[in-house]
Every structure is written in C-alpha cells, then in structure tokens.
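Beneath this line is the structure, given in structure tokens, with notes to follow.
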Amino acid sequence: MTDSNPLWEVFVRPRRGLSHGHVGSLHAPDAEMALRNARDLYTRREEGVSIWVVPATEITASSPQEKDAFFDPAADKIYRHPTFYEMPEGAEHI
Amino acid sequence: MNEDVGYLLGLADDALIASHRLSEWSSQAHDLEEDIALSNIALDLLGQARMLLTLAGEREGAGRDEDALAYLRDEREFRNVQLVELPRGDFAVTVVRMLFFSAYQAELYLRLEAESGERPDLAAIAAKSLKEVAYHLDHATRWTVRLGDGTAESHRRAQRAVDELWPYTHELFETEGDLRGAWLARVERVLAEATLTRPADDADRFRPTGGRSGVHTEHMGYLLAEMQHLHRSHPGAVW
C-alpha cells in the first residue's frame with residue numbers, strides 16, 4: 001500500500017461502561033474514511049457502540065528487544081500485587 | 001395486476017436488482033475495506049427487497065412468497081427502473097449510481113414513513129430502511145467527492161458516469177414526480193462539491209423509460225439468468 005492509503009489501528013467500545021479495545025487495523029486514505037471502513041469491517045455484527053481510529057504511525061510501541069528490561073523487573077515484586085489484604089466479606093471485586 | 005401490488009413490486013425490484021449489481025463487486029473491489037462495504041450495502045438492499053417482496057406477495061394473495069417473486073418471475077414481470085439494472089461498470093459508475101439511487105430512496109422512504117396512516121406496513125419497512133439508506137448515501141457522497149475532486153483520471157471517469165447515468169434518473173420520477181425537487185437539491189450539492197457538471201435536462205435528449213411496465217434493457221436478461229439459475233435448477237433449495 002502506498003502512503004495515500006495508510007494503515008489505521010481500530011479500537012471499538014463493545015458496550016457503554018467498557019473501554020475501547022484494539023480489534024485490528026485497516027487501510028484508508030483519511031480519518032473519515034478509516035472510521036467508515038472500521039464500521040463496515042469491525043461492527044457489522046453489532047460489536048460496538050463507539051469506534052476510534054488511530055494512524056498506525058502515531059503509535060509508539062515497546063520493542064521485543066526491550067521486553068526483558070521493560071517487564072521482567074516486575075516479575076519478582078509480588079508486594080505490588082494487592083494480595084496481602086484480607087478480602088472484606090461480601091466484596092466481590094476489589 | 002393490482003395497482004398496489006405493482007407499486008410494491010417496483011420498490012422491491014429496485015432494491016433487489018440494485019443489490020444484485022452491487023453483489024457483483026464481492027472479491028472484485030479495489031481493496032478489502034471497500035469490498036466489504038459494497039457487500040454490506042448489497043445485503044442491506046437485499047433485506048429491503050425481501051420485506052417488500054413478502055409484503056407484495058401477501059397483498060397479491062396468490063400464494064407467492066419472496067422466493068417465488070424473486071426467482072420465478074420472468075423479465076417482463078420485473079418492475080424495477082432501468083437505472084439499477086445497467087451493468088456495474090467501473091467503480092465510478094457504481095458510486096454515482098449509488099448516489100442517484102440512494103438519494104431517491106432517501107426521499108421516497110421519508111415520504112412513505114410519513115404516510116404511516118395510509119400504509120402502516122409499508123411505512124414500517126421505510127422507517128427501518130431509512131437508517132441503511134442514509135449510510136449508503138453517505139458512502140456514495142464521500143466517494144463521489146473523492147473521485148470527482150480527485151485526480152484528472154478519476155474526475156474524467158466520474159463525469160462520464162454522471163453523463164451516462166443521468167438520462168436514466170428521469171424514470172425514477174415518472175410516478176414520484178413530487179420527489180424530484182428534493183432529489184435534485186441533494187444530488188446537485190454533491191456534484192458541485194465534487195466539481196462535476198450536472199447534465200442539462202433538455203426535453204429532446206435521450207430519456208429511457210419502461211422499467212415500471214416491464215420493459216428492460218438488454219442487460220436485464222443476463223442479470224436474471226445469473227440471479228435465478230440456482231433456484232430454478234434446484235427449486236426449494238435451502239442451505
């Protein structure tokens with residue numbers, strides 16, 4: 001694909017109250033067309049109530065090479081997880 | 001044939017044949033995104049055709065259901081305007097025809113929806129279809145502007161499509177003459193934004209007609225042969 005038809009990342013909110021989640025990508029010449037293409041490609045079976053499209057080039061991603069430096073240090077810090085508390089009775093989600 | 005049944009078949013056949021022409025783009029469009037968009041629109045129109053054919057069959061009272069009406073009528077019994085049966089052409093022809101046809105459907109369904117006192121079941125179909133048609137019109141509008149105001153080649157093809165299809169739009173208003181003013185307002189605005197020239201309406205120019213009384217172009221027979229052959233080869237087939 002040429003630059004006149006760049007790649008867009010698509011995020012769909014499945015229901016009110018939920019966050020937009022990444023569902024895939026598509027090609028479109030501009031944001032308006034990207035939004036409409038997203039509607040046709042990703043919400044044709046009632047998957048969503050709201051759509052975001054973002055130019056793929058605008059996304060800064062962590063690289064696989066940095067994976068260890070980024071994520072491994074968190075692995076042995078179990079005290080960051082809220083697992084040392086007594087769950088109050090009746091609280092289902094904390 | 002009952003006048004009301006004939007009218008309903010006109011609406012139904014417009015949607016059915018327009019749907020079939022759009023479905024010819026499946027796997028043929030210039031990219032996956034547009035391929036699915038055109039197929040979605042074809043499916044919307046097919047849904048409208050099914051509701052309208054079912055209603056026409058009930059009104060007729062001869063025991064014909066949607067399948068019998070879609071697949072077992074011959075060319076002269078189809079009431080669609082010739083505009084929708086013309087070959088799909090290039091992408092510009094498809095887009096411009098969608099603009100002309102969905103602008104017409106938008107005006108027609110708005111009026112039918114407002115006439116719910118007289119024809120409640122038809123008004124319900126119109127109300128349901130209006131949201132779909134609004135999207136078809138939006139899609140066609142954006143592409144018409146994009147092609148018309150695009151490159152020299154896309155402009156040339158879009159203008160050629162407008163010039164070729166314009167004579168066929170007169171037939172839309174033979175029975176719905178009061179809608180043409182509103183239709184023109186919609187279409188002229190889009191053509192102007194697309195830097196396309198709106199053809200003149202000289203009375204002595206080519207004005208094909210006859211679809212509503214079963215007279216069709218040479219393309220209609222081929223279309224029906226393809227659309228109907230499965231049902232006729234395997235009557236009552238289900239999947």
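None of the values given here were measured: they were computed from a predicted structure. In the text below, chain A, chain B and the rest are named by the order of the sequence lines, each starting its count at 1.
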Does A:His27 reach the main-chain N or O of A:Asn5 with its side chain, forming a donor-acceptor pair under 3.5 Å? yes
When you measure from the side chain of B:Asn80 to the backbone of B:Ala15, do you find a donor-acceptor pair of N or O atoms at a distance under 3.5 Å? no
Does the B:Asp13 side chain pair with the main chain of B:Arg79, one donor and one acceptor, at a distance under 3.5 Å? yes
Does the structure place the NZ or CZ of A:Arg39 under 6.0 Å from the centre of the six-membered ring of B:Tyr135, at an angle of no more than 45° from the ring's axis? yes
Proximity breakdown for A:Arg36 and chain B, heavy-atom pairs closer than 4.5 Å: both
B:Leu32, B:Ile36, B:Asn40: which one forms the most heavy-atom pairs within less than 4.5 Å of chain A? B:Asn40
Segment of B:Ile41 engaging chain A (4.5 angstrom heavy-atom cut-off): neither
